[in-house]
There are 2 protein chains.
Amino acid sequence: MAAKRASQPRKSVWLTPRPARGRRAAESGSGAGNLDREKIVATAVRLLDAEGDAQFSMRLLAAELNVTPMSVYWYVANKDDLMELALDAVAGEIDLPDLTAGRPWQSDLRALAAAWRRTMVAHPWAIRSYGEYLNIGPQSMRFSACAQTVVARSPLPEQERPAALSAVFQYVYGFTSMESRWLEYGRESGRTADEFLEEVAGSVAEAPGIEAGGGMMERHSGVSIGELRDRDFDRALDWLLAGMCAGLTA
Amino acid sequence: MAAKRASQPRKSVWLTPRPARGRRAAESGSGAGNLDREKIVATAVRLLDAEGDAQFSMRLLAAELNVTPMSVYWYVANKDDLMELALDAVAGEIDLPDLTAGRPWQSDLRALAAAWRRTMVAHPWAIRSYGEYLNIGPQSMRFSACAQTVVARSPLPEQERPAALSAVFQYVYGFTSMESRWLEYGRESGRTADEFLEEVAGSVAEAPGIEAGGGMMERHSGVSIGELRDRDFDRALDWLLAGMCAGLTA
DNA sequence: ACCTGAACACCGTTCAAGT
DNA sequence: ACCTGAACACCGTTCAAGT
(Lines give C-alpha, C1' and ligand atoms only; values in the text may rest on other atoms or scores of the structure.)
Protein backbone atom coordinates (compact mmCIF):
# COMPACT_ATOMS: atom_id res chain seq x y z
CA MET A 1 0.00 0.00 0.00
CA ALA A 2 1.85 3.10 1.21
CA ALA A 3 -0.07 5.73 -0.76
CA LYS A 4 0.77 5.88 -4.44
CA ARG A 5 1.74 9.35 -5.50
CA ALA A 6 -1.24 11.68 -5.66
CA SER A 7 -1.78 15.38 -5.93
CA GLN A 8 -3.36 15.37 -2.50
CA PRO A 9 -1.51 12.90 -0.27
CA ARG A 10 -3.69 10.51 1.63
CA LYS A 11 -4.65 11.32 5.20
CA SER A 12 -5.26 8.79 7.92
CA VAL A 13 -8.88 7.62 8.37
CA TRP A 14 -8.61 8.89 11.90
CA LEU A 15 -7.60 12.40 10.86
CA THR A 16 -10.43 12.82 8.33
CA PRO A 17 -13.09 10.50 9.66
CA ARG A 18 -15.22 9.07 6.84
CA PRO A 19 -18.86 8.55 7.68
CA ALA A 20 -19.27 4.91 8.63
CA ARG A 21 -21.99 4.11 6.13
CA GLY A 22 -24.30 1.17 5.94
CA ARG A 23 -25.64 1.77 9.42
CA ARG A 24 -29.21 1.75 8.24
CA ALA A 25 -29.10 -1.94 7.40
CA ALA A 26 -27.19 -2.78 10.55
CA GLU A 27 -29.57 -0.90 12.80
CA SER A 28 -32.70 -2.22 11.22
CA GLY A 29 -31.40 -5.63 12.14
CA SER A 30 -32.16 -7.03 8.72
CA GLY A 31 -30.70 -10.15 7.14
CA ALA A 32 -27.20 -11.45 7.59
CA GLY A 33 -26.28 -10.76 3.96
CA ASN A 34 -26.03 -7.02 4.44
CA LEU A 35 -22.79 -5.15 4.55
CA ASP A 36 -21.56 -2.62 7.03
CA ARG A 37 -18.17 -1.30 7.95
CA GLU A 38 -17.84 -3.53 10.95
CA LYS A 39 -18.49 -6.68 8.97
CA ILE A 40 -16.09 -5.59 6.24
CA VAL A 41 -13.31 -4.92 8.72
CA ALA A 42 -13.88 -8.21 10.52
CA THR A 43 -13.77 -10.12 7.24
CA ALA A 44 -10.63 -8.26 6.20
CA VAL A 45 -8.91 -9.25 9.44
CA ARG A 46 -9.91 -12.85 8.94
CA LEU A 47 -8.61 -12.89 5.37
CA LEU A 48 -5.39 -11.11 6.30
CA ASP A 49 -4.78 -13.71 8.99
CA ALA A 50 -5.57 -16.60 6.68
CA GLU A 51 -3.94 -15.44 3.44
CA GLY A 52 -1.36 -12.90 4.51
CA ASP A 53 -1.15 -9.29 3.39
CA ALA A 54 0.58 -10.20 0.13
CA GLN A 55 -2.40 -12.28 -0.91
CA PHE A 56 -5.07 -9.98 0.47
CA SER A 57 -6.83 -7.72 -2.00
CA MET A 58 -9.97 -5.68 -2.27
CA ARG A 59 -11.15 -8.10 -4.91
CA LEU A 60 -10.56 -11.11 -2.70
CA LEU A 61 -12.36 -9.38 0.14
CA ALA A 62 -15.32 -8.59 -2.07
CA ALA A 63 -15.50 -12.17 -3.25
CA GLU A 64 -15.49 -13.36 0.34
CA LEU A 65 -18.35 -10.98 1.06
CA ASN A 66 -20.21 -12.13 -2.05
CA VAL A 67 -20.31 -8.70 -3.59
CA THR A 68 -18.70 -6.84 -6.44
CA PRO A 69 -15.29 -5.31 -5.68
CA MET A 70 -16.68 -1.82 -5.86
CA SER A 71 -19.38 -2.43 -3.26
CA VAL A 72 -16.79 -2.27 -0.54
CA TYR A 73 -15.93 1.27 -1.59
CA TRP A 74 -19.29 2.43 -0.42
CA TYR A 75 -18.13 1.79 3.15
CA VAL A 76 -14.39 2.53 3.04
CA ALA A 77 -12.67 5.16 0.94
CA ASN A 78 -9.74 3.01 -0.11
CA LYS A 79 -7.54 0.10 0.83
CA ASP A 80 -5.25 2.14 3.08
CA ASP A 81 -8.22 3.25 5.15
CA LEU A 82 -9.39 -0.32 5.42
CA MET A 83 -5.95 -1.44 6.60
CA GLU A 84 -5.95 1.24 9.28
CA LEU A 85 -9.35 0.11 10.44
CA ALA A 86 -8.25 -3.53 10.49
CA LEU A 87 -5.13 -2.62 12.42
CA ASP A 88 -7.08 -0.73 15.04
CA ALA A 89 -9.44 -3.68 15.30
CA VAL A 90 -6.62 -6.03 16.25
CA ALA A 91 -5.24 -3.40 18.63
CA GLY A 92 -8.54 -3.90 20.40
CA GLU A 93 -7.56 -7.51 21.07
CA ILE A 94 -4.57 -6.55 23.19
CA ASP A 95 -5.11 -7.60 26.81
CA LEU A 96 -4.47 -4.63 29.02
CA PRO A 97 -3.24 -5.40 32.53
CA ASP A 98 -5.49 -4.55 35.45
CA LEU A 99 -3.84 -1.43 36.83
CA THR A 100 -5.85 -1.56 40.03
CA ALA A 101 -4.19 -4.84 41.08
CA GLY A 102 -1.42 -2.94 42.81
CA ARG A 103 1.43 -4.60 40.99
CA PRO A 104 4.70 -2.71 40.56
CA TRP A 105 4.84 -0.49 37.49
CA GLN A 106 7.60 -2.62 35.96
CA SER A 107 5.34 -5.66 35.99
CA ASP A 108 2.54 -3.74 34.37
CA LEU A 109 4.88 -2.42 31.70
CA ARG A 110 6.15 -5.93 31.00
CA ALA A 111 2.61 -7.25 30.83
CA LEU A 112 1.76 -4.53 28.34
CA ALA A 113 4.80 -5.31 26.20
CA ALA A 114 4.05 -9.03 26.29
CA ALA A 115 0.39 -8.50 25.39
CA TRP A 116 1.33 -6.28 22.46
CA ARG A 117 3.82 -8.82 21.22
CA ARG A 118 1.31 -11.65 21.54
CA THR A 119 -1.30 -9.84 19.50
CA MET A 120 1.15 -8.83 16.78
CA VAL A 121 2.53 -12.33 16.44
CA ALA A 122 -1.02 -13.62 16.13
CA HIS A 123 -1.56 -11.28 13.14
CA PRO A 124 1.75 -11.15 11.27
CA TRP A 125 0.46 -8.61 8.74
CA ALA A 126 -0.33 -6.23 11.60
CA ILE A 127 3.25 -5.48 12.52
CA ARG A 128 3.97 -4.42 8.95
CA SER A 129 0.92 -2.18 8.90
CA TYR A 130 1.92 -0.77 12.24
CA GLY A 131 5.08 0.58 10.67
CA GLU A 132 3.11 2.04 7.80
CA TYR A 133 0.29 3.96 9.43
CA LEU A 134 -0.25 6.46 12.16
CA ASN A 135 -1.88 4.14 14.71
CA ILE A 136 -4.04 6.73 16.32
CA GLY A 137 -7.35 4.89 16.19
CA PRO A 138 -9.44 4.47 19.34
CA GLN A 139 -8.05 1.04 20.22
CA SER A 140 -4.46 2.14 19.67
CA MET A 141 -5.13 5.15 21.86
CA ARG A 142 -6.62 2.94 24.55
CA PHE A 143 -3.35 1.02 24.58
CA SER A 144 -1.22 4.17 24.61
CA ALA A 145 -3.25 5.65 27.40
CA CYS A 146 -2.71 2.54 29.48
CA ALA A 147 1.03 2.61 28.82
CA GLN A 148 1.19 6.23 29.85
CA THR A 149 -0.70 5.55 33.03
CA VAL A 150 1.80 2.85 33.88
CA VAL A 151 4.89 4.99 33.51
CA ALA A 152 3.16 7.83 35.30
CA ARG A 153 3.29 5.57 38.35
CA SER A 154 7.00 4.99 37.99
CA PRO A 155 9.55 7.06 39.90
CA LEU A 156 10.90 8.37 36.58
CA PRO A 157 10.91 12.17 36.42
CA GLU A 158 8.08 13.44 34.26
CA GLN A 159 10.22 14.69 31.41
CA GLU A 160 11.88 11.28 31.03
CA ARG A 161 8.70 9.30 30.67
CA PRO A 162 8.04 9.76 26.97
CA ALA A 163 11.60 8.68 26.17
CA ALA A 164 11.19 5.65 28.43
CA LEU A 165 7.99 4.63 26.68
CA SER A 166 9.52 5.10 23.25
CA ALA A 167 12.56 3.08 24.18
CA VAL A 168 10.51 0.16 25.43
CA PHE A 169 7.99 0.07 22.61
CA GLN A 170 10.44 0.75 19.82
CA TYR A 171 12.40 -2.19 21.10
CA VAL A 172 9.28 -4.34 21.29
CA TYR A 173 8.34 -3.26 17.77
CA GLY A 174 11.78 -4.20 16.45
CA PHE A 175 11.80 -7.51 18.25
CA THR A 176 8.32 -8.43 17.11
CA SER A 177 8.98 -7.46 13.51
CA MET A 178 11.90 -9.82 13.35
CA GLU A 179 10.08 -12.52 15.24
CA SER A 180 7.00 -12.60 13.06
CA ARG A 181 9.11 -12.41 9.91
CA TRP A 182 11.03 -15.50 11.02
CA LEU A 183 7.82 -17.29 11.80
CA GLU A 184 6.54 -16.41 8.34
CA TYR A 185 9.73 -17.68 6.74
CA GLY A 186 9.20 -20.94 8.54
CA ARG A 187 5.61 -21.21 7.38
CA GLU A 188 6.48 -20.27 3.79
CA SER A 189 9.32 -22.74 3.59
CA GLY A 190 7.13 -25.55 4.87
CA ARG A 191 9.67 -26.45 7.53
CA THR A 192 9.36 -25.46 11.15
CA ALA A 193 10.81 -22.10 12.11
CA ASP A 194 13.61 -23.96 13.87
CA GLU A 195 14.55 -25.95 10.78
CA PHE A 196 14.54 -22.86 8.61
CA LEU A 197 16.82 -21.10 11.06
CA GLU A 198 19.22 -24.04 11.02
CA GLU A 199 19.29 -23.95 7.25
CA VAL A 200 20.06 -20.24 7.03
CA ALA A 201 22.62 -20.53 9.79
CA GLY A 202 24.26 -23.34 7.85
CA SER A 203 24.44 -21.43 4.58
CA VAL A 204 25.95 -18.52 6.35
CA ALA A 205 28.27 -20.19 8.81
CA GLU A 206 31.40 -19.87 6.69
CA ALA A 207 31.21 -16.08 6.81
CA PRO A 208 33.21 -14.40 9.60
CA GLY A 209 30.18 -12.91 11.41
CA ILE A 210 26.72 -14.32 11.93
CA GLU A 211 23.95 -12.50 13.81
CA ALA A 212 21.59 -12.85 10.81
CA GLY A 213 18.03 -12.65 12.04
CA GLY A 214 18.99 -10.49 14.96
CA GLY A 215 21.18 -13.11 16.55
CA MET A 216 18.45 -15.63 17.09
CA MET A 217 20.34 -18.58 15.79
CA GLU A 218 22.86 -19.44 18.42
CA ARG A 219 23.12 -21.51 21.55
CA HIS A 220 20.40 -24.08 21.27
CA SER A 221 21.30 -26.64 23.83
CA GLY A 222 18.12 -28.61 24.36
CA VAL A 223 16.00 -25.53 24.77
CA SER A 224 13.69 -24.65 21.85
CA ILE A 225 14.06 -21.57 19.71
CA GLY A 226 10.76 -20.30 21.00
CA GLU A 227 11.92 -20.42 24.59
CA LEU A 228 15.19 -18.75 23.65
CA ARG A 229 13.25 -15.97 21.99
CA ASP A 230 11.06 -15.47 25.03
CA ARG A 231 14.14 -15.34 27.19
CA ASP A 232 15.87 -12.77 24.98
CA PHE A 233 12.73 -10.68 24.93
CA ASP A 234 12.54 -10.58 28.72
CA ARG A 235 16.25 -10.04 29.06
CA ALA A 236 16.27 -6.89 26.95
CA LEU A 237 13.38 -5.51 28.99
CA ASP A 238 15.35 -6.32 32.14
CA TRP A 239 18.26 -4.31 30.82
CA LEU A 240 16.14 -1.35 29.75
CA LEU A 241 14.31 -1.18 33.08
CA ALA A 242 17.50 -1.65 35.04
CA GLY A 243 19.15 1.12 33.06
CA MET A 244 16.28 3.51 33.67
CA CYS A 245 16.23 2.86 37.38
CA ALA A 246 20.01 3.02 37.66
CA GLY A 247 19.78 6.55 36.33
CA LEU A 248 17.50 7.45 39.22
CA THR A 249 19.93 6.78 42.05
CA ALA A 250 22.89 8.41 40.28
CA MET B 1 6.81 -7.62 -2.60
CA ALA B 2 6.82 -10.34 0.01
CA ALA B 3 6.59 -13.30 -2.31
CA LYS B 4 3.19 -14.00 -3.78
CA ARG B 5 2.09 -17.52 -3.08
CA ALA B 6 3.95 -20.05 -5.17
CA SER B 7 4.32 -23.81 -5.18
CA GLN B 8 8.00 -23.38 -4.45
CA PRO B 9 8.45 -20.46 -2.05
CA ARG B 10 11.11 -17.95 -2.99
CA LYS B 11 14.57 -18.30 -1.53
CA SER B 12 16.91 -15.43 -0.82
CA VAL B 13 19.36 -14.48 -3.58
CA TRP B 14 22.08 -15.20 -1.08
CA LEU B 15 20.92 -18.71 -0.37
CA THR B 16 20.66 -19.74 -4.02
CA PRO B 17 23.14 -17.43 -5.70
CA ARG B 18 22.14 -16.64 -9.25
CA PRO B 19 24.97 -16.24 -11.72
CA ALA B 20 25.69 -12.52 -12.06
CA ARG B 21 25.28 -12.38 -15.80
CA GLY B 22 26.29 -9.68 -18.21
CA ARG B 23 29.90 -9.87 -17.11
CA ARG B 24 31.13 -10.28 -20.63
CA ALA B 25 30.06 -6.79 -21.64
CA ALA B 26 31.32 -5.31 -18.40
CA GLU B 27 34.70 -6.98 -18.62
CA SER B 28 35.28 -6.21 -22.25
CA GLY B 29 35.02 -2.59 -21.23
CA SER B 30 32.62 -1.82 -24.03
CA GLY B 31 30.24 1.13 -24.30
CA ALA B 32 28.37 2.76 -21.44
CA GLY B 33 25.00 1.62 -22.77
CA ASN B 34 25.51 -2.00 -21.74
CA LEU B 35 23.78 -3.56 -18.81
CA ASP B 36 25.18 -5.57 -15.99
CA ARG B 37 23.97 -6.49 -12.56
CA GLU B 38 25.97 -3.77 -10.84
CA LYS B 39 24.55 -1.04 -13.02
CA ILE B 40 21.02 -2.35 -12.56
CA VAL B 41 21.36 -2.41 -8.79
CA ALA B 42 22.88 1.07 -8.68
CA THR B 43 20.05 2.45 -10.82
CA ALA B 44 17.49 0.68 -8.66
CA VAL B 45 18.94 2.28 -5.53
CA ARG B 46 18.87 5.70 -7.18
CA LEU B 47 15.25 5.27 -8.26
CA LEU B 48 14.18 3.90 -4.88
CA ASP B 49 15.73 6.92 -3.21
CA ALA B 50 14.17 9.37 -5.65
CA GLU B 51 10.71 7.87 -6.08
CA GLY B 52 10.17 5.73 -3.03
CA ASP B 53 9.45 2.02 -2.97
CA ALA B 54 5.75 2.53 -3.66
CA GLN B 55 6.57 4.19 -6.97
CA PHE B 56 9.45 1.93 -7.90
CA SER B 57 8.72 -0.83 -10.41
CA MET B 58 10.57 -3.12 -12.77
CA ARG B 59 9.00 -1.23 -15.63
CA LEU B 60 10.16 2.12 -14.32
CA LEU B 61 13.64 0.73 -13.79
CA ALA B 62 13.75 -0.63 -17.33
CA ALA B 63 12.63 2.71 -18.72
CA GLU B 64 15.38 4.46 -16.78
CA LEU B 65 17.89 1.99 -18.25
CA ASN B 66 16.44 2.50 -21.74
CA VAL B 67 15.55 -1.12 -22.18
CA THR B 68 12.45 -3.27 -22.30
CA PRO B 69 11.10 -4.41 -18.92
CA MET B 70 12.09 -7.98 -19.62
CA SER B 71 15.73 -7.18 -20.32
CA VAL B 72 16.32 -6.72 -16.62
CA TYR B 73 15.25 -10.30 -16.02
CA TRP B 74 18.33 -11.51 -17.83
CA TYR B 75 20.37 -10.23 -14.88
CA VAL B 76 18.09 -10.70 -11.87
CA ALA B 77 15.59 -13.49 -11.36
CA ASN B 78 12.82 -11.31 -9.97
CA LYS B 79 11.99 -8.14 -8.08
CA ASP B 80 12.56 -9.64 -4.65
CA ASP B 81 16.09 -10.63 -5.61
CA LEU B 82 16.73 -7.16 -6.92
CA MET B 83 15.50 -5.63 -3.68
CA GLU B 84 17.82 -7.86 -1.69
CA LEU B 85 20.72 -6.82 -3.87
CA ALA B 86 19.81 -3.15 -3.51
CA LEU B 87 19.52 -3.52 0.24
CA ASP B 88 22.92 -5.12 0.52
CA ALA B 89 24.34 -2.35 -1.65
CA VAL B 90 23.19 0.32 0.80
CA ALA B 91 24.44 -1.82 3.70
CA GLY B 92 27.82 -1.28 2.05
CA GLU B 93 27.46 2.45 2.70
CA ILE B 94 27.40 2.03 6.45
CA ASP B 95 30.51 3.57 8.01
CA LEU B 96 32.12 1.02 10.27
CA PRO B 97 34.09 2.39 13.22
CA ASP B 98 37.83 1.83 13.28
CA LEU B 99 38.14 -0.91 15.88
CA THR B 100 41.90 -0.46 16.16
CA ALA B 101 41.47 3.04 17.59
CA GLY B 102 41.31 1.63 21.09
CA ARG B 103 38.01 3.21 22.02
CA PRO B 104 35.84 1.53 24.66
CA TRP B 105 33.48 -1.10 23.27
CA GLN B 106 30.44 0.95 24.24
CA SER B 107 31.62 3.80 22.01
CA ASP B 108 32.16 1.45 19.11
CA LEU B 109 28.74 -0.07 19.59
CA ARG B 110 27.15 3.37 19.67
CA ALA B 111 29.06 4.38 16.55
CA LEU B 112 27.80 1.26 14.82
CA ALA B 113 24.21 1.95 15.83
CA ALA B 114 24.46 5.58 14.73
CA ALA B 115 26.00 4.65 11.38
CA TRP B 116 23.29 2.08 10.72
CA ARG B 117 20.60 4.60 11.59
CA ARG B 118 22.15 7.26 9.36
CA THR B 119 22.26 4.96 6.35
CA MET B 120 18.70 3.73 6.86
CA VAL B 121 17.33 7.24 7.21
CA ALA B 122 19.15 8.20 4.01
CA HIS B 123 17.27 5.40 2.17
CA PRO B 124 13.80 5.24 3.71
CA TRP B 125 12.76 2.24 1.58
CA ALA B 126 15.69 0.28 2.99
CA ILE B 127 14.29 -0.06 6.48
CA ARG B 128 11.11 -1.58 5.12
CA SER B 129 13.09 -4.02 3.00
CA TYR B 130 15.26 -4.83 5.98
CA GLY B 131 12.18 -6.13 7.76
CA GLU B 132 11.21 -8.16 4.72
CA TYR B 133 14.36 -10.04 3.73
CA LEU B 134 17.05 -12.13 5.32
CA ASN B 135 19.88 -9.58 5.19
CA ILE B 136 22.66 -12.06 4.81
CA GLY B 137 24.42 -10.51 1.82
CA PRO B 138 28.14 -9.79 1.98
CA GLN B 139 27.73 -6.19 3.08
CA SER B 140 25.20 -7.07 5.76
CA MET B 141 27.58 -9.75 6.99
CA ARG B 142 30.44 -7.29 7.07
CA PHE B 143 28.33 -5.15 9.37
CA SER B 144 27.30 -8.10 11.56
CA ALA B 145 30.86 -9.30 11.84
CA CYS B 146 31.94 -5.88 13.01
CA ALA B 147 29.18 -5.76 15.60
CA GLN B 148 30.16 -9.17 16.88
CA THR B 149 33.77 -8.16 17.17
CA VAL B 150 32.72 -5.18 19.23
CA VAL B 151 30.71 -7.12 21.80
CA ALA B 152 33.40 -9.78 21.90
CA ARG B 153 35.56 -7.07 23.47
CA SER B 154 32.97 -6.29 26.12
CA PRO B 155 33.10 -7.85 29.56
CA LEU B 156 29.75 -9.54 28.88
CA PRO B 157 29.88 -13.30 29.37
CA GLU B 158 29.98 -15.07 26.07
CA GLN B 159 26.53 -16.60 26.22
CA GLU B 160 24.98 -13.16 26.83
CA ARG B 161 26.46 -11.52 23.77
CA PRO B 162 23.96 -12.57 21.13
CA ALA B 163 21.12 -11.36 23.32
CA ALA B 164 22.92 -8.07 23.88
CA LEU B 165 23.41 -7.55 20.15
CA SER B 166 19.80 -8.42 19.42
CA ALA B 167 18.54 -6.07 22.06
CA VAL B 168 20.55 -3.15 20.74
CA PHE B 169 19.84 -3.67 17.08
CA GLN B 170 16.22 -4.56 17.46
CA TYR B 171 15.81 -1.32 19.33
CA VAL B 172 17.68 0.58 16.64
CA TYR B 173 15.54 -1.07 13.99
CA GLY B 174 12.37 -0.09 15.78
CA PHE B 175 13.51 3.45 16.36
CA THR B 176 14.65 3.92 12.79
CA SER B 177 11.47 2.47 11.33
CA MET B 178 9.41 5.02 13.19
CA GLU B 179 11.81 7.82 12.46
CA SER B 180 11.93 7.34 8.72
CA ARG B 181 8.18 6.85 8.55
CA TRP B 182 7.65 10.21 10.28
CA LEU B 183 10.08 11.85 7.93
CA GLU B 184 8.18 10.36 4.99
CA TYR B 185 4.89 11.60 6.39
CA GLY B 186 6.39 15.05 6.55
CA ARG B 187 7.61 14.88 2.97
CA GLU B 188 4.32 13.48 1.70
CA SER B 189 2.25 16.10 3.45
CA GLY B 190 4.38 18.91 2.06
CA ARG B 191 4.88 20.36 5.53
CA THR B 192 8.01 19.90 7.57
CA ALA B 193 8.14 16.83 9.79
CA ASP B 194 7.71 19.14 12.79
CA GLU B 195 4.56 20.72 11.39
CA PHE B 196 3.09 17.36 10.55
CA LEU B 197 3.77 16.15 14.06
CA GLU B 198 2.04 19.22 15.49
CA GLU B 199 -0.97 18.58 13.33
CA VAL B 200 -1.33 14.96 14.38
CA ALA B 201 -0.73 15.85 18.00
CA GLY B 202 -3.46 18.43 17.72
CA SER B 203 -6.01 16.07 16.21
CA VAL B 204 -5.33 13.57 18.90
CA ALA B 205 -4.91 15.74 21.95
CA GLU B 206 -8.47 15.35 23.24
CA ALA B 207 -7.97 11.61 23.74
CA PRO B 208 -6.86 10.50 27.21
CA GLY B 209 -3.49 9.08 26.11
CA ILE B 210 -1.06 10.36 23.48
CA GLU B 211 2.22 8.61 22.63
CA ALA B 212 1.24 8.35 18.94
CA GLY B 213 4.38 8.06 16.87
CA GLY B 214 6.27 6.45 19.67
CA GLY B 215 6.02 9.40 22.01
CA MET B 216 7.96 11.79 19.84
CA MET B 217 5.55 14.63 20.07
CA GLU B 218 5.97 16.09 23.50
CA ARG B 219 8.14 18.67 25.24
CA HIS B 220 9.42 20.92 22.52
CA SER B 221 10.74 23.91 24.36
CA GLY B 222 12.96 25.66 21.88
CA VAL B 223 14.80 22.50 20.89
CA SER B 224 13.94 21.06 17.46
CA ILE B 225 12.26 17.71 16.94
CA GLY B 226 15.37 16.42 15.27
CA GLU B 227 17.49 17.16 18.32
CA LEU B 228 14.91 15.59 20.58
CA ARG B 229 14.97 12.45 18.47
CA ASP B 230 18.75 12.24 18.61
CA ARG B 231 18.58 12.67 22.35
CA ASP B 232 15.98 9.94 22.80
CA PHE B 233 18.00 7.62 20.58
CA ASP B 234 21.12 8.10 22.69
CA ARG B 235 19.19 7.89 25.88
CA ALA B 236 17.75 4.47 25.15
CA LEU B 237 21.21 3.19 24.28
CA ASP B 238 22.44 4.60 27.59
CA TRP B 239 19.78 2.64 29.39
CA LEU B 240 20.45 -0.59 27.55
CA LEU B 241 24.21 -0.41 28.07
CA ALA B 242 23.80 0.59 31.69
CA GLY B 243 21.42 -2.30 32.23
CA MET B 244 23.81 -4.79 30.69
CA CYS B 245 26.74 -3.60 32.74
CA ALA B 246 24.70 -3.44 35.93
CA GLY B 247 24.01 -7.13 35.48
CA LEU B 248 27.75 -7.79 35.55
CA THR B 249 28.39 -6.60 39.08
CA ALA B 250 25.29 -8.22 40.54
C1' DA C 1 -29.06 4.33 -0.26
C1' DC C 2 -26.68 0.82 -2.00
C1' DC C 3 -24.63 -2.04 -5.57
C1' DT C 4 -22.98 -3.28 -10.35
C1' DG C 5 -20.18 -3.45 -14.90
C1' DA C 6 -17.09 -1.79 -17.73
C1' DA C 7 -13.04 0.46 -18.13
C1' DC C 8 -8.38 2.72 -16.99
C1' DA C 9 -3.87 2.69 -15.73
C1' DC C 10 -1.11 0.11 -13.75
C1' DC C 11 1.68 -4.30 -11.78
C1' DG C 12 5.29 -8.77 -12.02
C1' DT C 13 6.25 -12.27 -14.87
C1' DT C 14 5.66 -16.20 -18.79
C1' DC C 15 6.96 -17.57 -23.05
C1' DA C 16 8.42 -17.75 -27.73
C1' DA C 17 10.84 -15.19 -30.82
C1' DG C 18 14.34 -12.33 -32.62
C1' DT C 19 19.54 -10.86 -33.37
C1' DA D 1 24.53 -14.08 -25.20
C1' DC D 2 21.42 -10.72 -24.83
C1' DC D 3 17.14 -8.31 -25.75
C1' DT D 4 12.26 -7.73 -27.47
C1' DG D 5 6.93 -8.05 -27.98
C1' DA D 6 2.94 -9.88 -26.94
C1' DA D 7 0.35 -11.85 -23.61
C1' DC D 8 -1.40 -13.53 -18.90
C1' DA D 9 -3.11 -12.94 -14.59
C1' DC D 10 -3.44 -9.87 -11.63
C1' DC D 11 -3.89 -5.03 -8.95
C1' DG D 12 -6.62 -0.40 -6.90
C1' DT D 13 -9.74 2.68 -8.36
C1' DT D 14 -12.78 5.91 -11.74
C1' DC D 15 -17.04 6.68 -13.46
C1' DA D 16 -21.63 6.25 -15.08
C1' DA D 17 -25.36 3.44 -14.57
C1' DG D 18 -28.64 0.57 -12.44
C1' DT D 19 -32.25 -0.56 -8.53
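Lettering of chains follows the sequences in order, A, B, ..., and the numbering in each one begins at 1. Please read these numbers as outputs of a predicted model, since none were measured by experiment.
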For Arg191(A), salt bridge (Lys or Arg N to Asp or Glu O under 4.0 Å) partners two or more places apart
Glu199(A)

Integer-rounded Å distance: [N] [atom2] and [X] [atom1]:
{"X": "Asn78(A)", "N": "dC11(D)", "atom1": "CG", "atom2": "C1'", "value": "14 Å"}
{"X": "Arg59(A)", "N": "dG5(C)", "atom1": "CZ", "atom2": "C1'", "value": "11 Å"}
{"X": "Asn34(A)", "N": "dC2(C)", "atom1": "CG", "atom2": "C1'", "value": "10 Å"}
{"X": "Leu35(B)", "N": "dC2(D)", "atom1": "CG", "atom2": "P", "value": "10 Å"}
{"X": "Leu82(B)", "N": "dT13(C)", "atom1": "CG", "atom2": "C1'", "value": "14 Å"}
{"X": "Leu65(A)", "N": "dC2(C)", "atom1": "CG", "atom2": "P", "value": "15 Å"}
{"X": "Tyr75(A)", "N": "dG12(D)", "atom1": "OH", "atom2": "P", "value": "19 Å"}
{"X": "Asp53(B)", "N": "dC11(C)", "atom1": "CG", "atom2": "P", "value": "14 Å"}

Not counting sequence neighbours, which residues clear ring-ring contact (aromatic ring centres under 6.0 Å, His included) with Phe56(A)? List them please.
none

Toss me the dot-bracket line for DNA chain C: Watson-Crick and G-U wobble, both under 3.5 Å, 5' to 3', using | for pairs to another strand and [ ] for crossers.
||.|||||...|||||.||

List in chain and number order the residues that pass side-chain contact (heavy atoms from CB on, under 4.5 Å) with [X], two or more places apart in sequence or in another chain; answer none if no residue qualifies.
{"X": "Leu15(A)", "answer": "Ser12(A), Leu134(A), Ile136(A), Val200(B), Ser203(B)"}
{"X": "Asn78(B)", "answer": "Arg10(B), Arg18(B), Asp80(B), Asp81(B)"}
{"X": "Ser177(A)", "answer": "Ile127(A), Tyr173(A), Tyr173(B)"}

Report, one line per pair, each donor and acceptor closer than 3.5 Å where one atom sits in a side chain of residues 86-95 of chain A; sequence neighbours left out.
unit_1   : atom_1 : unit_2    : atom_2 : d
Asp88(A) : OD1    : Gln139(A) : N      : 3.2
Asp88(A) : OD1    : Ser140(A) : N      : 2.9
Asp88(A) : OD1    : Ser140(A) : OG     : 3.3
Asp88(A) : OD2    : Gln139(A) : N      : 3.0
Glu93(A) : OE1    : His123(A) : NE2    : 2.7

Contact under 4.0 Å: Trp74(A) side-chain N or O vs dC2(C) OP1/OP2
yes

N or O in side chain of Thr68(B) less than 4.0 angstrom from dT4(D) OP1/OP2:
yes

Take the angle between the ring planes of Tyr185(A) and Phe196(A) and call it parallel below 30°, perpendicular above 60°, tilted in between.
parallel

Show the distances under 3.5 angstrom between N or O atoms of the protein and N or O atoms of nucleotides 14-19 of chain D.
none

Under 4.0 Å between a side-chain nitrogen and a carboxylate oxygen: does that hold for Lys11(A) and Glu84(A)?
no

Please collect all salt bridge (charged side-chain N to carboxylate O under 4.0 Å, His left out) contacts where either partner lies in residues 62-74 of chain A, sequence neighbours excluded, each pair once.
Arg46(A)-Glu64(A)

Answer with base, sugar-phosphate or nothing: what part of the nucleic acid does Ser57(B) contact at a heavy-atom distance below 4.0 Å?
sugar-phosphate

